[in-house]
Protein chains: 2
Amino acid sequence: MTMTSENHIMLLADLFRLLGDTTRLRIVLACLDAPIAVNDIATRLALSSSLVSHHLRLLRAARILKADRQGKQVFYSAADQHISGVLADMLAHIAEPAGEEV
Amino acid sequence: MTMTSENHIMLLADLFRLLGDTTRLRIVLACLDAPIAVNDIATRLALSSSLVSHHLRLLRAARILKADRQGKQVFYSAADQHISGVLADMLAHIAEPAGEEV
DNA sequence: TTAACATATGAACATATATTCATATGTTAA
DNA sequence: TTAACATATGAATATATGTTCATATGTTAA
């Protein structure tokens with residue numbers, strides 16, 4: 001952790017930046033439970049499928065989500081288990097009472 | 001994880017967005033080892049102290065870092081242990097071989 | 001083939017934000 | 001008090017980026 005190369009820092013920042021938009025974060029959360037198709041994400045989150053597709057492209061490029069085509073539809077799901085770990089840690093951070101020393 | 005309120009989503013996104021900038025991320029990493037003063041961060045990262053201070057303000061407001069004044073200097077350090085957990089998980093995500101099913 | 005559906009993409013625009021510069025505030029020593 | 005140092009902040013600007021709209025690509029059924 002102490003030694004983090006500039007290369008890794010850029011990759012890390014890219015990942016965090018992608019999760020740092022509420023729309024994209026909601027899309028990621030929608031994909032964590034089970035694989036879900038683009039249109040279903042759009043319906044569930046009340047977004048245009050164009051917008052969802054734009055975001056999915058970025059999330060897939062960063063290997064946060066992976067795509068699986070089944071016929072006409074493309075199902076998206078978490079690329080690995082680390083993202084949910086990150087989200088769990090961040091939720092714990094939010095739950096941490098302000099000003100408490102740990 | 002399944003149920004994440006809109007309120008929590010906004011807080012989560014705020015935290016990720018803050019870590020999603022390379023300059024701010026480097027500042028956070030510089031504060032993880034031990035408390036460090038503003039000017040020392042600026043020197044170590046070759047940044048202006050003005051820029052560092054601007055970023056520290058945001059990081060402190062999000063309770064990612066906490067401030068401790070000692071005389072003229074203000075030392076910054078991690079607010080709690082969750083952030084380093086998040087960073088460790090994200091580094092693991094980066095280290096994950098592409099295309100591997102987990 | 002054509003038609004209908006599902007997803008993806010390029011351009012344009014509006015908004016957000018990282019950085020710089022100047023200045024202000026706070027702290028300690030003389 | 002003044003001077004020197006350390007940190008913080010406000011305004012301005014340049015850049016990045018989320019969203020929309022139009023259109024393209026890919027897939028299946030008739």
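Worth knowing before you read on, the calculation uses all heavy atoms, side chains too, and leaves out hydrogens, waters and symmetry mates. We name chains A, B, ... by the order of the sequence lines, and we start the count at 1 in each one.
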By nearest nucleotide on DNA chain D, pick out whichever of B:Val74 and A:Gly71 is the more 5' one.
->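 Nearer the 5' end of the strand: B:Val74.
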
Pick the nucleotide of DNA chain D nearest each of B:Asp40 and A:Leu58; which residue has the one closer to the 5' end?
->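 It is B:Asp40, whose closest nucleotide lies nearer the 5' terminus.
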
From the options A:Ile41, A:Asp40, A:Thr43, select the one residue that forms a side chain to side chain contact (heavy atoms under 4.5 Å, CB included) with A:Val52.
->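 Exactly one option meets the side chain to side chain contact (heavy atoms under 4.5 Å, CB included) with A:Val52, and it is A:Ile41.
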
From [atom1] of [X] over to [atom2] of [N], roughly how many Å is that when rounded to an integer?
X	N	atom1	atom2	answer
B:Phe75	C:dT27	CZ	C1'	14 Å
B:Ile41	D:dT7	CD1	C1'	11 Å
A:Leu65	C:dT7	CG	P	14 Å
B:Arg17	D:dA16	CZ	P	17 Å
B:Leu47	C:dA18	CG	P	14 Å
A:Ile27	D:dG18	CD1	P	11 Å
B:Leu56	D:dT9	CG	P	11 Å
B:Gln70	C:dT28	CD	C1'	14 Å

Given the rule in the side-chain contact (heavy atoms from CB on, under 4.5 Å) test, do B:Gln73 and B:Asn39 qualify, once you have shown the distances and angles that lead to the verdict?
-> CA-CA 8 Å; B:Gln73 298 178 297; B:Asn39 240 330; 5.6 Å; no

Its contact letters, B for base, S for sugar-phosphate only and - for none at protein heavy atoms under 4.0 Å, make nucleotides 19-26 of chain D read SBBB----

Kindly calculate the angle separating the two end axes of the helix from C:dT1-D:dA30 to C:dA30-D:dT1, each obtained from five base pairs, and round it to 10 degrees.
->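 If I round to tens, the end axes sit 30° apart.
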
Should B:Ile83 and A:Met90 count as side-chain neighbours, where that means a heavy-atom distance under 4.5 Å?
->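 Answer yes - side chains close enough.
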
Residue list, side chain to side chain contact (heavy atoms under 4.5 Å, CB included) with B:Ala78, at least two apart or on another chain =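 So B:Ala78 forms a side chain to side chain contact (heavy atoms under 4.5 Å, CB included) with B:Leu32.
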
A:Ala61: what forms a side chain to side chain contact (heavy atoms under 4.5 Å, CB included) with it, not counting sequence neighbours?
->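 Side chain to side chain contact (heavy atoms under 4.5 Å, CB included) list for A:Ala61, sorted by chain: empty.
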
Nucleotide nearest A:Gln73 (side chain, heavy atoms from C-beta), chosen from C:dT7, D:dA8, C:dA18 |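 So the nucleotide nearest the side chain must be C:dT7.
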
Are A:Asn39 and C:dC5 close enough that a side-chain N or O sits under 4.0 Å from OP1 or OP2?
->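 The answer is no; no side-chain N or O of A:Asn39 sits under 4.0 Å from OP1 or OP2.
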
Kindly say if B:Tyr76 contacts the phosphate of D:dA6, meaning a side-chain N or O under 4.0 Å from OP1 or OP2.
->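 False: B:Tyr76 side-chain N/O out of range (4.0 Å or more) of D:dA6 OP1/OP2.
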
Show me the donor-acceptor pairs, under 3.5 Å and distance only, between side chains in residues 9-17 of chain A and residues at least two apart or in other chains.
{"residue": "A:Asp14", "atom": "OD1", "partner": "A:Arg17", "partner atom": "NH2", "Å": "2.8"}

Taking NZ, NE, NH1 and NH2 as the nitrogens, is one of them in A:Asp33 or A:Arg44 under 4.0 Å from a carboxylate oxygen of the other?
->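 A salt bridge is present here (some side-chain N lies under 4.0 Å from a carboxylate O).
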
Taking every non-hydrogen atom, the tightest pair across A:Ala67 and A:Val74 =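 Where A:Ala67 meets A:Val74 most closely, the heavy atoms are CB-CG1, 3.8 Å.
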
Using the salt bridge (Lys or Arg N to Asp or Glu O under 4.0 Å) rule, collect all pairs that involve residues 18-29 of chain B, keeping only residues at least two apart or in two chains.
->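 Output for this query lists A:Glu6-B:Arg26.
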
